[in-house]
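Below is one structure, written out as structure tokens; comments come after it.
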Amino acid sequence: MSSSQSASGGNALLRRGEPLTAAAQRANVKIAAQSLADIVRAGHQLVVTHGNGPQVGLLALQGAAYKPDEAYPLDVLGAETEGMIGYIIEQELENALDHDRPVATLLTQVLVDKDDPAFKKPTKFVGPVYDKEEAETKAEAAGWHIAQDGDRWRRVVPSPKPLEIPDMRVLQLLLEQGVVVICAGGGGIPILRRDDGSMIGIEAVIDKDAASALLASQLGADALLLLTDVDAICRNFGKDTAAPIHELTLDEARKLDLPAGSMGPKIAAAGNFVESGGVSGIGKLEDALAILTRDAGTRILPAV
């Protein structure tokens with residue numbers, strides 16, 4: 001049985017512009033689950049990760065609206081979103097597989113470095129989008145950092161590099177028993193290791209693609225699928241001459257001029273995984289199995 005890992009992005013589980021409701025998320029997850037179930041039915045072992053940017057931002061807003069000085073930190077909100085989104089994916093995957101395979105959600109801690117430069121330069125988008133004036137008003141009131149996301153504006157928070165997954169032993173135990181595992185949601189729960197070896201959470205949101213690549217490498221997965229809402233990587237993205245690219249070497253992929261806030265992190269994550277010996281695919285969530293079999297999306301291969 002070959003092993004593959006699927007990382008579903010925020011735009012695949014919650015379409016841009018859709019309301020942040022449970023019903024909207026479940027409708028998209030139901031579609032995603034059918035595609036992911038195809039991978040399992042084809043005989044592959046599957047690990048699923050997912051984004052949480054819109055959800056963690058919404059929880060932060062809800063907390064600030066209640067009692068701003070008692071709001072929960074981002075690591076706790078990350079754990080909440082792992083449970084919330086994981087529950088929906090788990091249930092819909094079980095339904096899609098006719099309850100023929102065990103599926104489990106694992107809250108996953110991910111170690112970061114307290115001296116990571118990301119803590120001084122927040123870049124990770126969280127929460128809903130705003131027009132510039134509304135974003136600036138909210139930022140001034142709440143002490144946020146904000147940045148432009150397409151033609152709108154959003155809150156940004158620190159996104160440190162993932163270094164280690166302490167829960168790897170638990171994950172491996174589950175996989176040995178044939179469990180389909182949903183883990184490292186939203187990049188995992190960011191934690192620090194103290195001098196005495198104990199762990200503590202930190203205010204950050206880890207990039208889901210970077211965490212997924214680390215996880216796939218440490219698991220020794222054969223393939224890493226980075227699933228989103230676009231068919232493939234495009235040459236001349238955003239122009240009339242844009243055209244899909246179905247296969248790239250890692251060197252070719254890194255030379256492309258791609259959006260830093262969306263496809264850029266996926267190329268970086270794919271590159272990290274490919275360098276560890278695997279093959280990575282990027283494309284539409286509905287095409288997950290076809291990307292794995294080279295019939296859709298973009299495959300990124302080691303340099304020839």
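For the numbers below, each heavy atom of this structure counts, side chains included, while hydrogens, waters and symmetry mates do not.
- Asp251 and Thr249 form no side-chain donor-acceptor contact under 3.5 Å, judged by distance and modelled atom types alone.
- Side-chain contact between Asp113 and Lys161 is absent, with no heavy-atom pair separated by less than 4.5 Å.
- With a 4.5 Å cut-off on side-chain heavy atoms, Glu286 and Leu227 do not count as touching.
- Using a 4.5 Å heavy-atom cutoff, the side chains of Ile189 and Asp75 are in contact.
- At a threshold of 4.5 Å between non-hydrogen side-chain atoms, the residues Leu175 and Gln45 count as touching.
- Within the 3.5 Å criterion, the main-chain N or O of Gln55 finds no donor-acceptor partner in the side chain of Asn52.
- Look at Arg41 and Asp38 and you find a salt bridge, because one of the NZ, NE, NH1 or NH2 atoms lies within 4.0 Å of a carboxylate O, short of that distance.
- Contact check for Ile146 versus Tyr130: no side-chain heavy atoms found under the 4.5 Å cut-off.
- Atom CZ of Arg169 has 12 or fewer heavy atoms from other residues, nucleotides or ligands within 6.0 Å.
- Placement of Ile202 and Val110 within a single hydrophobic cluster is found when ILVMFWY residues are connected by side-chain heavy-atom separations under 4.5 Å, directly or transitively.
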Residue pair Leu93, Val40: steps toward the side chain to side chain contact (heavy atoms under 4.5 Å, CB included) verdict:
CA-CA 10 Å; Leu93 251 181; Val40 178; 5.5 Å; no

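- When all heavy atoms of Ile165 and Ala211 are compared, the closest pair comes out as CD1-O, 4.5 Å.
- Here the side chains of Thr49 and Thr108 are not in contact, with every heavy-atom distance at 4.5 Å or above.
- Side-chain atoms of Thr293 come within 3.5 Å of backbone N or O of Leu289 as a donor-acceptor pair.
- Here the side chains of Arg235 and Leu256 are in contact, with some heavy-atom distance below 4.5 Å.
- Between Pro160 and Phe119, the shortest heavy-atom distance links the atoms CG-CZ, 3.8 Å.
- Nearest heavy-atom pair across Met199 and Pro166 is CE-CG, 4.1 Å.
- Between Ile182 and Val103, some side-chain heavy-atom pair lies under the 4.5 Å cut-off.
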